[in-house]
Amino acid sequence: MTIGVLDLQGDAQHHATLLESLGEVVRPVRGPRDLEGLAGVVLPGGESTTLSLLLESAGLFAPLAEALAGGLPVLGTCAGMILLARDVLDGRSDQRTFGAIDLTVRRNGHGRQIASFECDLDLPIAGAGPIHAVFIRAPVVERVGPDVEVLAVLPGGTGPLRPEPVACRQGRVLVTSFHPELTEDRRLHEVFASMVRGDLATTATP
Ligand code: GLN
């Protein structure tokens with residue numbers, strides 16, 4: 001079972017290292033042929049506008065969209081969450097998304113003062129005990145579609161939804177607005193690996 005990590009820009013290596021430490025075979029995804037035979041794929045943090053452009057120029061956008069529409073399990077973190085969302089606020093006009101999860105997210109929605117922060121969150125799907133969450137110029141989830149399951153919230157929060165959803169799942173799509181790959185805690189990646197293996201019951205597909 002091979003899990004791809006999109007490796008065009010941004011934080012691919014930490015995801016790869018974490019998944020490898022869980023015993024998964026990891027392949028960097030840089031072009032369409034790298035998608036062949038994947039059991040799952042990770043879209044890392046970075047800059048969603050740049051990633052959108054690079055996905056196009058690498059010829060990856062259309063085949064990846066097709067794979068996601070066909071049910072390829074995907075984990076999107078921060079910019080990856082933006083790329084998977086149905087609607088993006090404060091994006092660039094030419095920024096494209098896969099619309100794989102029924103969310104509206106606002107880019108850089110935490111504002112400049114608290115653009116980056118860390119906190120402990122409950123993530124019951126990953127087991128007992130808080131998970132340490134690192135937010136870096138994170139998007140804010142402003143709308144959650146009826147078929148989306150909210151897995152973790154930020155007490156208080158910034159946007160119109162309070163508490164603010166920061167980890168969500170719909171079908172085989174798992175997203176976080178924080179960076180689970182930047183801590184030693186592997187539980188979120190274990191949840192994703194279970195989704196890839198089909199061990200974790202999935203919710204309604206988009
Ligand atoms: N602000 C970035 C964007 O809009 C996301 C930041 C991140 O991935 N850490 O894409």
Side-chain angles (χ1 to χ4, degrees), residues 1-31 33-48 51 54-55 58 60 64 67-68 71-84 98 100-101 116-139 149-154 166-203:
M1 201 177 76
T2 303
I3 297 180
V5 179
L6 184 69
D7 190 14
L8 297 176
Q9 185 259 348
D11 192 20
Q13 190 53 51
H14 285 103
H15 282 288
T17 304
L18 258 184
L19 288 167
E20 279 165 356
S21 78
L22 291 174
E24 307 296 341
V25 178
V26 175
R27 180 195 301 160
V29 174
R30 302 191 181 107
R33 293 187 56 182
D34 298 326
L35 294 173
E36 278 168 28
L38 289 185
V41 68
V42 178
L43 308 187
E47 185 53 53
S48 59
L51 281 165
L54 292 174
L55 280 163
L60 258 171
L64 187 50
L68 296 176
L72 180 70
V74 59
L75 166 64
T77 58
C78 204
M81 172 196 245
I82 298 171
L83 284 169
L84 290 166
F98 294 110
I101 184 163
S116 300
F117 59 98
E118 301 182 18
C119 61
D120 287 337
L121 297 172
D122 287 328
L123 186 71
I125 197 171
I131 197 161
H132 191 67
V134 180
F135 293 83
I136 305 171
R137 297 179 65 235
E149 189 184 353
V150 175
L151 303 176
V153 294
L154 190 61
V166 292
C168 298
R169 179 168 77 128
Q170 183 177 9
R172 297 186 179 87
V173 182
L174 176 65
V175 294
T176 64
S177 52
F178 57 90
H179 285 265
E181 79 285 8
L182 292 183
T183 67
E184 310 263 287
D185 194 329
R186 304 185 294 191
R187 284 177 294 159
L188 194 281
H189 288 76
E190 278 169 355
V191 169
F192 180 58
S194 303
M195 279 172 65
V196 171
R197 280 194 297 274
D199 294 348
L200 199 72
T202 53
T203 51

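All residue numbers refer to positions in the sequence shown, counting from 1.
Counting heavy atoms from C-beta on, the side chains of V5 and P28 never come closer than 4.5 Å. Residues L43 and F98 form a side-chain contact, since some pair of their non-hydrogen atoms from C-beta on lies under 4.5 Å apart. Side-chain atoms of S177 and V175, non-hydrogen and from C-beta on, never get closer than 4.5 Å to each other. Residues I82 and L51 fail the side-chain proximity criterion, which asks for heavy atoms closer than 4.5 Å. Counting heavy atoms from C-beta outward, V29 and L64 have side chains that stay 4.5 Å or more apart.
Scanning for salt bridge (Lys or Arg N to Asp or Glu O under 4.0 Å) contacts around D34 gives an empty result, with sequence neighbours left out. E36 is linked by a salt bridge (Lys or Arg N to Asp or Glu O under 4.0 Å) to nothing, counting only residues two or more places apart in sequence or in another chain. Remark: S21 engages R186 in a side chain to side chain donor-acceptor pair (under 3.5 Å) (not counting sequence neighbours). In terms of the side chain to side chain donor-acceptor pair (under 3.5 Å) criterion, residue partners of T17 (sequence neighbours excluded) are, by chain and number, Q13. Taking the salt bridge (Lys or Arg N to Asp or Glu O under 4.0 Å) definition, one finds that D11 meets it with nothing, sequence neighbours left out. Residues passing the salt bridge (Lys or Arg N to Asp or Glu O under 4.0 Å) test with R197, sequence neighbours excluded: E24, D199.
Proximity of a side-chain donor or acceptor of Q9 to a complementary backbone N or O of E47 within less than 3.5 Å is detected.
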Determine, stepwise, if the pair T176 / L151 fulfils side-chain contact (heavy atoms from CB on, under 4.5 Å).
CA-CA 9 Å; T176 64; L151 303 176; over 6 Å; no
Apply side-chain contact (heavy atoms from CB on, under 4.5 Å) to the pair L83 and L55, showing each step before the final yes or no.
CA-CA 10 Å; L83 284 169; L55 280 163; 4.2 Å; yes
Can L6 and L8 be said to form a side-chain contact (heavy atoms from CB on, under 4.5 Å), step by step?
CA-CA 6 Å; L6 184 69; L8 297 176; 3.9 Å; yes
Checking side-chain contact (heavy atoms from CB on, under 4.5 Å) for the pair I136/C78: CA distance, chi angles, key distance, verdict?
CA-CA 8 Å; I136 305 171; C78 204; 5.5 Å; no
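Residues T77 and P180 share a closest heavy-atom pair of CG2-CD, 3.6 Å. Nearest heavy atoms, L121 versus A133: CD1-CB, 3.6 Å. Minimum interatomic distance between P130 and D185 (heavy atoms only, all atoms of both residues): O-OD2, 4.2 Å. Nearest approach of V41 to F192, heavy atoms of both residues: O-CZ, 3.5 Å. Closest non-hydrogen pair, A79 versus S48, comes out as CB-N, 3.7 Å.
Taking SG from C119 and CZ from F135, the interatomic distance works out to 5.0 Å, rounded to the nearest 0.5 Å. One distance of note links CD1 of I131 with CZ of R187; it measures 5.0 Å at 0.5 Å rounding. R172 CZ to I101 CD1: the interatomic distance, rounded to the nearest 0.5 Å, is 13.5 Å. The CG atom of L75 sits 9.0 Å away from the CD1 atom of I3 when rounded to the nearest 0.5 Å. The CG atom of L84 sits 10.0 Å away from atom CG of L174, with the distance rounded to the nearest 0.5 Å. Interatomic distance, CZ of R169 versus CD1 of I125, reported as 4.0 Å (0.5 Å rounding).
The aromatic rings of H189 and H15 lie tilted to each other, with the angle between the two planes from 30° to 60°.
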